[in-house]
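Whatever order the structure lists them in is the order used to number ligands and atoms, beginning at 1. No hydrogens, no waters, no symmetry mates; every other heavy atom, side chains included, goes into these values.
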Amino acid sequence: MIPVVDGHNDALLRVWRSGGSLRERSEEGQLDLPRMREGGIAAGFFAIFVPATDERRDPSALMRRTADGYDVPLDAPLPADRGERIAAELAAIFARDLTPVLTVSDLERCLAGEEVGAILHLEGAEPIAPDLGNLESWRARGLRSLGLVWSRPNAFGCGVPFRYPGSNDEGPGLTDAGRALVRACNQLGVMLDLSHLTAAGFADVARLSDAPLVATHAGAHALTPIPRNLSDAQLDAVRDSGGLVGAFFDRTMTHPRAETEADTPLDVLLDHIEHLAEHMGVAHVALGSDYDGCRPIAAVGDASRVQTVLEGLAARGWPDDDLRALGHGNWLRVLRDTWH
Ligand SMILES: [Zn+2]
């Protein structure tokens, strides 16, 4: 089994909503520590994501049909006090259930099989004060990765909507606070995640950041033309920076027409991975499942089944060295270049 570093999951949000512990194998959801062990996931990025409401909403209820697809309007900004308050509750679950990965040596211990590790990630920077006054305390609490936005505006920038067809080339770039946050994360060695960012925001980070460019969970716009997927020009920028893209397993966002079908085959995910690899080189592709934050393709329906991706690529002729780079080697390189 090739050990995998997984670029994104929302398991903390699931446990925050439903209770239980990530230490026990659950019948609910898609990812917990026992299922990570079964699937050979040595470590994963665990997102702190602050939803607009405490109860789960059905995104399809917000969906509008359009002439050739669909559109879900952008979420409103979070109320001012909600980000930090809810984030602290999710961070408490992280501290209770998980073994933090703080350094590259921690990650190497996980890859050697000593333990299953967790990288603390913010999905959307709303818990960070606009004057960055609490950023250092978040880093001291273990924060090693920060996504500037989710699909809504915040003090730092703006995310992209769910839409088909559509591109991320709409909406504003980073604010002054967003630009300051990029520089501060570079200085503190906190990885920046470009997922869900507008093209203008992506370009701002590409211009300002001195770290490799990373999208922890995304796909290829050339195959599924939705705003959450990266254009070939954006992939060029990731490659030129030495960064990577973690391919997500969502059945809709990898489907050629972005339709939600129960029987979306594994091949559509393998096609995305191969497009990323052909366009950027294997050194710039990794996995970013989005377990517990998406509806994955059934063949990789939970964390215990992640090796199915590597087996599928092996069947397409990928050599072992490339599978190891995709599984964990590329993450090791990027995090070595980013954390300090
Ligand atoms: Zn996401």
Student: Could Asp68 and Arg257 be called an ion pair, given the rule that one side-chain N must be under 4.0 Å from one carboxylate O?
Tutor: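 No, no charged N to carboxylate O under 4.0 Å.
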
Student: Of all the atoms in His217, is at least one N, O or S atom closer to the Zn ion (ligand 1) than 2.8 Å?
Tutor: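 Coordinating: yes.
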
Student: Does the side chain of Met191 come within less than 4.5 Å of Thr216's, by heavy atoms?
Tutor: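 Sidechains of Met191 and Thr216: in contact.
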
Student: One thing to verify: whether Asp71 and Arg163 come together as a salt bridge, which I'm taking to mean a side-chain N less than 4.0 angstrom from a carboxylate O.
Tutor: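 Between Asp71 and Arg163 there is a salt bridge, with a charged N closer than 4.0 Å to a carboxylate O.
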
Student: What I want to find out is whether Asp75 reaches Arg57 closely enough, with some N-O distance under 4.0 Å, to be called a salt bridge.
Tutor: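 Yes, charged N to carboxylate O under 4.0 Å.
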
Student: So, of the N/O/S atoms that Glu123 has, which is the nearest one to the Zn ion (ligand 1)?
Tutor: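 Relative to the Zn ion (ligand 1), the closest nitrogen, oxygen or sulfur of Glu123 carries the name OE2.
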
Student: Are any N, O or S atoms from Cys294 nearer to the Zn ion (ligand 1) than 2.8 Å?
Tutor: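 Not a single backbone or side-chain N, O or S atom of Cys294 is under 2.8 Å from the Zn ion (ligand 1).
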
